[in-house]
Amino acid sequence: MHNITLINGDGIGPEISDSVVKIIEKSGLEIDWDVQTAGSDVIEQEGTPLPQRVLDSIIKNKVALKAPVTTPIGKGFRSVNVQLRKALDLYANLRPCKNLPAIETRFNNVDLVVVRENTEDLYAGVEEQIDENTAHSIKIITRQASERICKFAFDYAVKNNRKEVCAVSKANIMKLSDGLFLESYRKIAQNYPQIKQREILVDNLCMQLVQDPTRFDVLVLPNLYGDIVSDLTAGLIGGLGVAQGANIGKDCAVFEPVHGSAPDIKGQNKANPTALLLSAIEMLKYINENNYAQKIENALFKTLSEGYKTADIGGTLSTTEFTDKIISNL
Ligand code: NAI
């Protein structure tokens, strides 16, 4: 029996987490879910969107599965997602991106991994209103965080038989901040002579990714570029409904899809649970339940290969119908 924290989220969060919990339960794996609420719904009673109890639960269990939580734009509270990553020092955001069976996309052999720094850069939230017409947002890049994320990317490459780690920056313009990121990459890369090194500017990367994503293997990026590029790579394999992610720190890990709470389809039984399910499969591998991870992945791939899909990837099934098909293929 595993104890795992479950954050159901809001928007489509509860629909897709119900689906994933049900699939894991039917696979036969026993998990004691410690369900924790967070986000705008808990502010009124608890005064914060991210109560300490949520952090305590993750620290205790060391692993969490998280559905998306809404962040209002321009006002209100700071993103629960960003706060969570920061509070637990989940410094590595890992977003593998590989074609799935029977999902038609422009390219057939996409297999790359985005490793995004998760704790600093423009996401540090250091902003100030200078006057009515001017606002500043400070981009923070440190040697410690840059070296740590580059080491994570190279270690991941070694462990997963990857050939190359490419550093992404805009160091030609942001010579000091992105320059420091690149300098850190070069230092860490020296310890991994077996892995190919490469450096690219983020604008050129975007152009090349849409021309031919097979040119890339592992990408390591500061926070903001990583956020944007990983949505682009999600698009290469069928969109946000199938893009998985994980936030990994020294002591704990939170597995969550790349997508947000999709308020436009909330409560309509339309959401694709695949991205959260793939994130959960990675979580099962992380806790060494490889057999169950494989069993669930096989059922998902079989379901997709049989042509059963939700609307976002060209199918007609509802969330619950798609979930039931996966369960029948377990
Ligand atoms: P979004 O990812 O929620 O939605 C973008 C588009 O993709 C929408 O058309 C949506 O319907 C579709 N989509 C997303 N996930 C889907 C799924 N599983 N199945 C089918 N279609 C899906 O991005 P948006 O609209 O920019 O953000 C909505 C809210 O989510 C915002 O408050 C944002 O801050 C928050 N957000 C939360 C994240 C998290 O909790 N980790 C990550 C990204 C955004």
Side-chain angles (χ1 to χ4, degrees), residues 5-20 23 36-43 49-50 54 58 64-88 90 93-95 100 103 114 116 118-119 122-123 125 223-224 226-248 253-280 283 300 304 308-323 326:
T5 303
L6 175 69
I7 301 171
N8 280 329
D10 53 30
I12 58 168
E15 298 166 61
I16 57 174
S17 39
D18 278 359
S19 158
V20 170
I23 293 167
Q36 294 287 334
T37 47
S40 52
D41 294 351
V42 306
I43 295 185
L50 183 63
V54 181
I58 301 173
L65 183 65
K66 178 183 161 297
V69 176
T70 304
T71 305
I73 293 175
K75 58 181 165 49
F77 57 82
R78 228 183 122 203
S79 160
V80 168
N81 314 305
V82 176
Q83 277 189 59
L84 190 66
R85 293 167 191 167
K86 192 135 196 193
L88 299 173
L90 303 171
N93 191 321
L94 185 65
R95 295 181 166 179
L100 292 164
I103 299 181
V114 175
R116 164 186 170 194
N118 228 0
T119 62
L122 282 157
Y123 282 70
N223 207 338
L224 180 65
D227 188 11
I228 297 167
V229 168
S230 59
D231 266 34
L232 188 161
T233 55
L236 295 172
I237 56 157
L240 287 171
V242 298
Q244 59 168 307
N247 300 289
I248 300 175
V254 176
F255 294 79
E256 64 173 343
V258 173
H259 66 73
S261 56
D264 53 335
I265 56 166
K266 170 189 172 181
Q268 297 172 30
N269 199 15
K270 272 189 189 164
N272 188 351
T274 302
L276 185 64
L277 186 58
L278 287 168
S279 309
M283 179 189 78
L300 169 67
L304 292 170
Y308 296 116
K309 297 175 208 166
T310 47
D312 58 303
I313 47 173
T316 55
L317 296 195
S318 66
T319 312
T320 44
E321 286 166 339
F322 183 62
T323 305
I326 296 172

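Whatever order the structure lists ligands and atoms in, that order sets their numbers, starting from 1. Note that the numbering runs from 1 along the sequence shown for the chain.
For the pair K270 and ligand 1, the shortest N or O to N or O distance does not fall below 3.5 Å. No N or O atom of V258 sits closer than 3.5 Å to an N or O atom of ligand 1. Checking only distances, V69 does come within under 3.5 Å of ligand 1, N or O to N or O. Ligand 1 has an N or O atom lying under 3.5 Å from an N or O atom of A262, backbone or side chain.
Contacts between S79 and ligand 1, counted as non-hydrogen atom pairs separated by less than 4.0 Å, are absent for every part of the residue. Under 4.0 Å from ligand 1, the heavy atoms of D264 that appear belong solely to its side chain.
The backbone N or O of L90 sits less than 3.5 Å from a side-chain atom of N118, completing a donor-acceptor pair.
Under a 4.0 Å criterion applied to the non-hydrogen atoms of A271, ligand 1 contributes the atoms 19 (N). Less than 4.0 angstrom separates some heavy atom of I265 from each of these atoms of ligand 1: 11 (O), 20 (C), 21 (N). Each of the atoms 28 (C) of ligand 1 lies under 4.0 Å from some heavy atom of P263. Of all atoms in ligand 1, listed by their number and element, those nearer than 4.0 Å to a heavy atom of N81 are 37 (C), 38 (C), 39 (C), 40 (O), 41 (N). Those atoms of ligand 1 that come under 4.0 Å of a heavy atom in L240, given as number and element, are 2 (O), 5 (C), 7 (O). Shown in contact with K66 at under 4.0 Å from a heavy atom are these atoms of ligand 1, numbered in order with element: 39 (C), 40 (O), 41 (N). For ligand 1, the atoms closer than 4.0 angstrom to any heavy atom of T70 are 32 (O).
If you check each of P273, A311, A275, G260 against atom 36 (N) of ligand 1, the one with the closest non-hydrogen atom is G260.
A 4.5 Å side-chain heavy-atom check between N247 and L88 finds every atom pair outside the cut-off.
Residues satisfying the salt bridge (Lys or Arg N to Asp or Glu O under 4.0 Å) criterion with E15, sequence neighbours excluded, are absent altogether.
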